[in-house]
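To start, the structure under review is shown below, and the notes come after it.
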Protein chains: 2
Amino acid sequence: MNISEAAMKSGVPPKTIRYYESIGLIAAAPRTGNGYRDYAVPDVETLRFIARARGLGFSVEEVGELLELYRDKDRASADVKKLAKTRIADIKRKVQELQSLQATLETLVDCCHGDERPDCPILEELASEHLAKMTDGALMRQLKLRGRG
Amino acid sequence: MNISEAAMKSGVPPKTIRYYESIGLIAAAPRTGNGYRDYAVPDVETLRFIARARGLGFSVEEVGELLELYRDKDRASADVKKLAKTRIADIKRKVQELQSLQATLETLVDCCHGDERPDCPILEELASEHLAKMTDGALMRQLKLRGRG
DNA sequence: GCTTGACCTTCCAGTGACTGGAAGCCCCAT
DNA sequence: ATGGGGCTTCCAGTCACTGGAAGGTCAAGC
């Protein structure tokens, strides 16, 4: 089948399939006489596997590991569990971070009258030294987390 | 003061300060005789403002708006409040998304025996059609959210 | 047979928000 | 004058795609 059919059946856009091939996440598809990529049912299954794992927040690199593990008959399920647990820990950290962000913003919004008067508590808070220690910590954690979620 | 001193006082790394200048988030700093960037106290304050706003999860573009609003004497605090509220909504959505991801992963991990046996519920779930509807929805939302946090 | 339009191919560039590194000045202390 | 740190610029890379241009291919309709 053509790439667009594989895309439809797997839920992975054609561009992304080509991209996955280009980075070596999936093997290069065989070509038909006209040079078109030719996919079979197992390829679509692999793509669905990838889509699900990505949907669960695994990075492309981690998906690569999962695929290896998946194909490896002697894989230890402990490895997979470990990968999933790491992900859960990442998510928990991220959620906490976001919730403290949310609390701060909500406090700010609650203090903001929100009419046309030019003095705004949010901007004042942003400009003041007050928030500094708090958000610098948050910023640092944010910076370290970045590229991870 | 030199860029590294401004960096230390503001908590924004020199590279990042130059980057902010290059994208026009901050004005180009005046130069001393030797071509070094020369910063004053208000510049550091601006950088701290930026650092705090970024720490609160505002995108660089949004920080630009906040800075404009901050400098604009006739700004309406309603505009700022709106921006903050949008951010809160974004965060809430993201948190929910992450929590449902977490729940799914935890279910999977709980079902995974985690020993050396090669059959692993996580991989089976990933490979099966079961999870499809669930994570496809998550994937789609994920895709739409991407680049937003 | 020709056109049209929808496929497919490749490659290049851009996203956001930086970060690393190279090459090359500049300044100060020893 | 030599060393070690500044500073400057620009280029490239990160992550996971996505958009678009330029061009080849295919099936349908006239």
Side-chain angles (χ1 to χ4, degrees), chain A residues 1-8 10-26 28-39 47 50-67 87 90 94 138-149, chain B residues 1-8 10-26 28-39 47 50-65 67 87 90 94 139-149:
Chain A
M1 78 190 81
N2 275 351
I3 197 166
S4 65
E5 195 183 336
M8 228 167 24
S10 66
V12 180
K15 277 255 177 196
T16 306
I17 297 176
R18 288 191 203 103
Y19 168 71
Y20 285 161
E21 188 185 301
S22 81
I23 60 167
L25 181 64
I26 55 176
R31 306 294 180 115
T32 55
N34 52 25
Y36 290 12
R37 285 175 183 79
D38 189 26
Y39 294 94
L47 286 169
I50 293 170
R52 282 186 211 114
R54 292 280 306 124
L56 285 173
F58 289 94
S59 73
V60 166
E61 202 184 332
E62 285 170 329
V63 174
E65 292 174 47
L66 285 171
L67 273 175
R87 266 275 82 199
D90 286 352
K94 190 90 188 169
L139 178 66
M140 286 309 115
R141 262 169 286 135
Q142 188 91 343
L143 287 170
K144 269 162 207 153
L145 277 175
R146 219 163 271 163
R148 226 353 176 122
Chain B
M1 80 191 79
N2 276 351
I3 196 168
S4 65
E5 195 183 336
M8 227 167 24
S10 66
V12 180
K15 275 259 180 193
T16 307
I17 297 177
R18 288 190 203 103
Y19 168 72
Y20 285 161
E21 188 185 301
S22 82
I23 60 167
L25 180 63
I26 54 177
R31 305 296 179 114
T32 55
N34 53 25
Y36 289 13
R37 284 175 183 80
D38 189 25
Y39 294 93
L47 286 169
I50 292 170
R52 283 187 211 112
R54 292 281 304 123
L56 285 173
F58 289 94
S59 73
V60 165
E61 202 183 333
E62 285 169 329
V63 174
E65 291 175 47
L67 272 176
R87 265 276 82 198
D90 286 351
K94 190 91 187 170
L139 180 64
M140 287 308 116
R141 263 169 286 135
Q142 189 92 342
L143 286 171
K144 270 164 206 152
L145 277 176
R146 218 163 273 163
R148 215 28 172 89

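Each chain gets a letter, A, B and so on, in the order its sequence line appears, and its residues count up from 1.
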Rounded to the nearest 0.5 Å, how far apart are CD1 of B:Ile3 and NZ of B:Lys15?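 One finds 10.0 Å between CD1 of B:Ile3 and NZ of B:Lys15.
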Once rounded to the nearest 0.5 Å, what's the spacing between atom CZ of A:Phe58 and atom CG of A:Asp90?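 It comes to 10.0 Å.
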To the nearest angstrom, how far is [X] atom [atom1] from [N] atom [atom2]?
X       : N      : atom1 : atom2 : result
A:Glu21 : D:dC17 : CD    : P     : 15 Å
B:Asn2  : D:dG5  : CG    : C1'   : 12 Å
A:Ile23 : D:dA16 : CD1   : P     : 8 Å
B:Met1  : D:dG6  : CE    : P     : 17 Å
B:Arg18 : C:dA17 : CZ    : C1'   : 16 Å
A:Ile3  : D:dT25 : CD1   : P     : 17 Å
B:Ile17 : C:dA17 : CD1   : P     : 17 Å
B:Leu25 : C:dC18 : CG    : C1'   : 13 Å

All side-chain contact (heavy atoms from CB on, under 4.5 Å) counterparts of B:Tyr20, not counting sequence neighbours: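 Only B:Val12, B:Thr16, B:Ile23, B:Leu25, B:Ile26, B:Leu47, B:Ile50, B:Arg54, B:Val60 meet the side-chain contact (heavy atoms from CB on, under 4.5 Å) criterion with B:Tyr20.
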Taking only side-chain N and O atoms of [X], does any of them lie within less than 4.0 angstrom of OP1 or OP2 on [N]?
X       : N      : result
B:Arg31 : D:dT9  : yes
A:Ser59 : D:dC15 : no
A:Thr16 : D:dA16 : no

Which atom names give the shortest non-hydrogen contact between [X] and [Y], and what distance separates them?
X       : Y       : value
B:Ser4  : B:Pro14 : CA-CG, 4.4 Å
A:Gly11 : A:Pro13 : O-CD, 3.8 Å
A:Ala53 : A:Leu66 : CB-CD1, 4.1 Å

Starting at the 5' end of nucleotides 22-30 of chain C, put B wherever the base has a protein heavy atom under 4.0 Å, S where only the sugar-phosphate does, and a dash everywhere else. ----BS---
State, to the nearest 10°, the angle formed by the axis through the first five base pairs of the helix from C:dG1-D:dC30 to C:dT30-D:dA1 and the axis through its last five.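 What I find for the helix from C:dG1-D:dC30 to C:dT30-D:dA1 is an axis angle of 30°.
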B:Glu65: which residues meet the salt bridge (Lys or Arg N to Asp or Glu O under 4.0 Å) condition with it, sequence neighbours left out?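 Result, salt bridge (Lys or Arg N to Asp or Glu O under 4.0 Å) vs B:Glu65: none returned.
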All side chain to side chain donor-acceptor pair (under 3.5 Å) counterparts of A:Glu5, not counting sequence neighbours: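 Side chain to side chain donor-acceptor pair (under 3.5 Å) list for A:Glu5, sorted by chain: A:Lys9.
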Side-chain donor-acceptor distances from residues 31-38 of chain B under 3.5 Å, at least two apart:
from	atom 1	to	atom 2	distance (Å)
B:Arg31	NH1	B:Gly35	O	3.0
B:Thr32	OG1	B:Asn34	OD1	2.6
B:Thr32	OG1	B:Tyr36	O	3.4
B:Asn34	OD1	B:Tyr36	N	3.0
B:Arg37	NE	B:Glu21	OE1	2.9
B:Asp38	OD1	B:Met1	N	2.9

If you find the nucleotide of DNA chain C closest to A:Arg37 and the one closest to B:Tyr19, which residue's nucleotide is nearer the 5' end?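 Taking each residue's closest nucleotide, the earlier one in sequence belongs to A:Arg37.
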Closest of C:dC7, D:dC17, C:dA17 to the A:Ser4 side chain is C:dC7
